[in-house]
Each structure stands twice: as structure tokens, then as C-alpha cells.
Amino acid sequence: MVGTLYVLAAGVLASSAAGADNDLMNAARRIFRPIPSIVPAVKDNPITHEKVTLGKTLFFDPRLSASEVISCNTCHNLGTGGVDAGPTSVGHRWQLGSRRAPTVYNAVFNVAQFWDGRAADLKAQAEGPVQASVEMNATPAHVVDTLNSMAEYIVMFSKAFPSDATPVTFENFAKAIEAFEATLITPAAPFDQYLEGDAYALSDRQKAGLKLFIEKGCSSCHNGINVGGQDYFAFGAVERPAASLLPRNDKGRFAVTKMPSDEYVFRSAPLRNVALRPPYFHSGQVWSLKEAVGVMSESQLGAKLSDTEKDDIVAFLNSLTGQLPKIDYPILPTRTDTTPKPSVHK
């Protein structure tokens with residue numbers, strides 16, 4: 001009799017646990033979406049093999065910068081989570097950038113590019129750093145002259161843009177990089193597998209972290225396919241963080257819109273692969289993911305989490321690490337006598 005009651009009780013508990021799991025999975029599916037395993041379409045820029053191959057080559061070519069030592073990969077290193085190693089990037093003549101480099105992985109899913117959303121898409125984003133004096137310090141003319149000086153590039157542009165009378169242009173340079181960056185998606189994370197119905201893809205601790213992530217309100221800003229990157233929010237919505245995390249001279253989206261309501265407003269950080277890319281925040285001043293969770297809970301939600309709750313949320317965030325694409329370093333076209341020389345001191 002006792003044995004029978006034990007079996008019945010265990011069955012009820014198992015049923016309740018299964019019901020709770022289903023509720024959590026259904027709640028997660030309403031808020032998030034898995035990353036697809038195929039490359040997404042890009043508006044006004046069909047993705048072709050030739051365009052992606054060209055874009056990949058351009059992404060790694062430092063000769064497009066004035067000094068000829070800085071490439072896109074310098075600040076968006078594909079071997080370190082799509083970012084570089086420091087709080088802010090080091091650009092032309094050792095200048096420090098003002099913000100943490102955003103990851104290039106899954107950037108195609110963001111509502112806009114840069115922390116302040118000043119670039120509508122990846123093409124517009126690709127045009128910015130190459131011209132910024134604190135980054136690559138080049139000009140569109142320098143880029144086009146460099147590309148036209150190497151016959152292999154002329155052939156690659158002709159194949160990538162076969163209908164263009166003049167394939168080698170600054171706009172096509174940006175389109176090619178956009179096409180390559182659109183392929184930098186990281187599907188099949190444990191969380192993606194969970195969203196697709198595998199209840200065992202997450203550990204119990206990760207499920208506890210997901211539950212907290214939703215119930216505490218983290219998902220109100222970090223949602224959608226990229227677990228963030230979909231909208232803009234004030235940093236310090238409830239409690240202003242330390243000045244080191246929110247420098248007074250960086251007013252975020254205000255610089256784009258000039259609207260007082262956008263002061264210290266930034267695009268929410270996409271959290272895909274977040275465990276791979278410390279330090280955190282636009283200022284790059286927090287090296288611990290657990291500390292970042294604590295800062296966000298207090299500054300954005302007005303909630304002080306226990307150590308266990310922080311650890312649970314960090315466990316969930318680790319489940320967002322997907323399968324990064326294998327990238328072979330390209331062999332770059334050989335420079336010629338007409339290739340512009342480096343301009344390190346200008």
C-alpha cells in the first residue's frame with residue numbers, strides 16, 4: 001500500500017514538473033525565436049557565393065585602412081566572439097575608440113547597427129569605420145584606388161556584381177562585406193534546441209536561470225531572435241550606474257536623434273554568445289558576466305539578486321552560445337606598384 005502511494009506521489013510530482021517545463025518552454029517561445037540554420041535574406045542585396053567570398057576577403061584585408069594594418073577583423077575578431085580583446089578598440093595611430101566594439105556575429109538580426117543605432121543595416125555600418133579617423137582613417141577614394149590596383153580584386157568584383165558597368169565602387173565594397181557578415185550566424189545553441197522542443201537541451205540550472213530571466217523582467221529588453229538588439233532603452237532606467245559604466249560625455253542615441261528623451265539611451269545588447277566576449281556594456285568596463293548581470297538587475301530593474309540567482313542567470317546565458325562558423329583565413333590579392341602606400345602618420 002505504501003509502495004503504491006509512493007509511486008502515485010512520484011507520478012504526480014513528475015507530472016507537475018513536466019507541466020512546469022512545458023509552461024516555461026511555451027513562455028520562452030512567446031518571447032524568443034531560434035536562430036535559423038540558413039543565411040537570412042538581406043534587403044536590396046542578394047546573397048551570392050561570389051559576393052560572400054569577396055566580402056570575406058575585404059573583411060580581412062588591412063590595406064583598406066590608411067595605415068594598412070587595421071582590418072574589419074581587427075576590431076571584430078572572428079576568433080574571439082566577433083569582438084576584440086579590450087574595453088574599447090585601438091584604431092589609427094593608437095587612438096582609443098569611445099565605445100566597446102559590438103559583436104559582428106548575428107548582427108544581421110539587429111534592428112540597426114552600432115550602440116546608438118546610427119546605421120540602418122550592415123552595409124551602412126561597413127561604410128562607417130573605414131572612414132572614421134579614430135578607426136581605419138581611410139576614404140572611399142583610398143578604398144577604390146586600392147582595390148583597382150590589384151587585378152584579382154577587379155575580377156572578384158566583376159563576378160560578384162556582374163550587371164554593374166563599374167563593379168569596383170565603395171557602395172559595392174560595403175555590399176560585399178554586408179553579404180559576408182550576413183553569413184556570420186551561430187545557430188544550434190542549447191537554447192535554440194530548447195526552443196525547438198528539446199526539453200533536455202538545458203540543464204536544470206539553466207532552466208532556473210531562464211525562468212528568472214523572464215520573471216525578473218530581463219526579457220522585456222532582451223528578447224527576440226538575438227535575445228536583444230531589437231530596441232533602445234535608457235541605461236540606468238531605475239538607478240544610475242557608476243560613472244565608469246555610463247560616461248557623462250557619451251549620451252548614446254541622443255547624438256543621432258537630438259531628442260532629450262534619448263540621452264543615455266542605447267540599443268539593448270544582443271546576448272547571443274555573450275559568454276564569449278567580455279568585457280561588457282558600451283563602455284567595456286565590466287569583465288565578469290556575473291557582475292554584469294548584477295549591474296543590469298539593479299540599474300534597469302531595481303532588483304538586487306542573490307548570488308544563486310546571478311549564477312542561475314549566468315548559466316542560462318551560457319546556453320546562448322551557438323555553433324560559430326568555421327572561417328578559413330583568406331589569401332589576399334597581391335599588391336602592385338600602383339597600390340597606395342601606408343599613411344601611418346596622417
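- Between Ser283 and Trp115 the shortest side-chain heavy-atom distance does not fall below 4.5 Å.
- In plain terms, the two heavy atoms of Leu147 and Phe173 that are nearest each other are CD1-CB, 4.5 Å.
- Note on Asp116 versus Arg99: salt bridge recorded, some NZ/NE/NH1/NH2 to OD/OE distance being below 4.0 Å.
- In Tyr200, the OH atom is not crowded: 12 or fewer heavy atoms of neighbouring residues, nucleotides or ligands sit closer than 6.0 Å.
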Hey, can you pull the donor-acceptor pairs under 3.5 Å for the side chains in residues 231-247, sequence neighbours left out?
none

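- Not one N or O on the side chain of Glu127 forms a donor-acceptor pair closer than 3.5 Å with the backbone of Phe170.
- Screening residues 319-328 for side-chain hydrogen bond (donor to acceptor under 3.5 Å, both in side chains), with sequence neighbours left out, gives Lys326-Asp328.
- The closest side-chain heavy-atom distance from Lys310 to Ser297 is not below 4.5 Å.
- Linking ILVMFWY residues whenever their side-chain heavy atoms come closer than 4.5 Å, directly or via other members, places Leu195 and Leu24 in the same cluster.
- Within the structure, side-chain hydrogen bond (donor to acceptor under 3.5 Å, both in side chains) contacts touching residues 142-156 (residues at least two apart or in different chains) are Asp61-Tyr153, Ser149-Thr339.
- For Lys290, the NZ atom sits in a packed shell: over 12 heavy atoms of surrounding residues, nucleotides or ligands are nearer than 6.0 Å.
- Residues meeting the side-chain contact (heavy atoms from CB on, under 4.5 Å) test with Ser65, sequence neighbours left out: Ser67, Ile70, Met136.
- Within the 3.5 Å criterion, the main-chain N or O of Pro167 finds a donor-acceptor partner in the side chain of Asn172.
- Here Val42 pairs with Asn45, Ile47, Val108, Glu178, Ala182 under the side-chain contact (heavy atoms from CB on, under 4.5 Å) rule; sequence neighbours left out.
- Considering Asp311, Thr308, Asp312 as possible partners of Arg205, the one that fulfils the side-chain hydrogen bond (donor to acceptor under 3.5 Å, both in side chains) test is Asp312.
- Using a 4.0 Å cut-off between charged side-chain N and carboxylate O, Asp21 and Lys211 make no salt bridge.
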Output side-chain donor-acceptor pairs under 3.5 Å for residues 270-279, partner residues at least two apart or in another chain, one line each.
{"from": "Arg272", "atom 1": "NE", "to": "Ile225", "atom 2": "O", "distance (Å)": "2.9"}
{"from": "Arg272", "atom 1": "NH1", "to": "Asp192", "atom 2": "OD1", "distance (Å)": "3.0"}
{"from": "Arg272", "atom 1": "NH1", "to": "Asp192", "atom 2": "OD2", "distance (Å)": "3.1"}
{"from": "Arg272", "atom 1": "NH2", "to": "Arg33", "atom 2": "O", "distance (Å)": "3.1"}
{"from": "Arg272", "atom 1": "NH2", "to": "Asp192", "atom 2": "OD1", "distance (Å)": "2.9"}
{"from": "Arg272", "atom 1": "NH2", "to": "Ile225", "atom 2": "O", "distance (Å)": "3.1"}
{"from": "Asn273", "atom 1": "OD1", "to": "Gly322", "atom 2": "N", "distance (Å)": "2.9"}
{"from": "Asn273", "atom 1": "ND2", "to": "Thr186", "atom 2": "OG1", "distance (Å)": "3.0"}
{"from": "Arg277", "atom 1": "NH2", "to": "Pro270", "atom 2": "O", "distance (Å)": "2.6"}
{"from": "Arg277", "atom 1": "NH2", "to": "Arg272", "atom 2": "O", "distance (Å)": "2.6"}

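- Scanning for ring pair (Phe, Tyr, Trp, His ring centres under 6.0 Å) contacts around Phe157 gives an empty result, with sequence neighbours left out.
- To the nearest 0.5 angstrom, Ser268 atom OG is 10.0 Å from Gln300 atom CD.
- Remark: Arg63 does not engage Glu68 in a salt bridge, criterion side-chain N to carboxylate O under 4.0 Å.
- Every residue meeting the ring pair (Phe, Tyr, Trp, His ring centres under 6.0 Å) condition with Phe180, not counting sequence neighbours, appears here in chain and number order: Phe59.
- The side-chain contact (heavy atoms from CB on, under 4.5 Å) check on Pro330 picks up Lys56, Thr57, Phe60, Leu332, with sequence neighbours excluded.
- In this structure the side chain of Lys251 never reaches within 4.5 angstrom of the side chain of Val256, judged on heavy atoms.
- The backbone N or O of Met25 sits less than 3.5 Å from a side-chain atom of Tyr194, completing a donor-acceptor pair.
- The environment of Lys341 atom NZ is dense: over 12 non-hydrogen atoms of other residues, nucleotides or ligands sit within 6.0 angstrom.
- For Phe266, the ring pair (Phe, Tyr, Trp, His ring centres under 6.0 Å) criterion is met by His282, not counting sequence neighbours.
- Using a 4.5 Å heavy-atom cutoff, the side chains of Phe161 and Thr169 are not in contact.
- In this view, Phe316 and Phe191, Phe213 satisfy the ring pair (Phe, Tyr, Trp, His ring centres under 6.0 Å) rule, not counting sequence neighbours.
- Not a single donor-acceptor pair under 3.5 Å links the side chain of Tyr264 to the backbone N or O of Phe254.
- Take Ala124 and apply the side-chain contact (heavy atoms from CB on, under 4.5 Å) test, not counting sequence neighbours, and it matches Ala119, Asp121.
- Distance check, rounded to the nearest 0.5 Å: CG of Leu320 to CG of Asn106 gives 10.5 Å.
- In this structure the side chain of Met296 reaches within 4.5 angstrom of the side chain of Phe281, judged on heavy atoms.
- Within the 3.5 Å criterion, the main-chain N or O of Ala188 finds a donor-acceptor partner in the side chain of Gln193.
- Between the side chain of Glu135 and the backbone N or O of Cys72, no donor-acceptor pair lies under 3.5 Å.
- Asn77 is not listed as a side-chain neighbour of Val83, based on a closest heavy-atom distance of 4.5 Å or more.
- Smallest separation of non-hydrogen atoms from Ala101 and Ser89: CB-OG, 3.6 Å.
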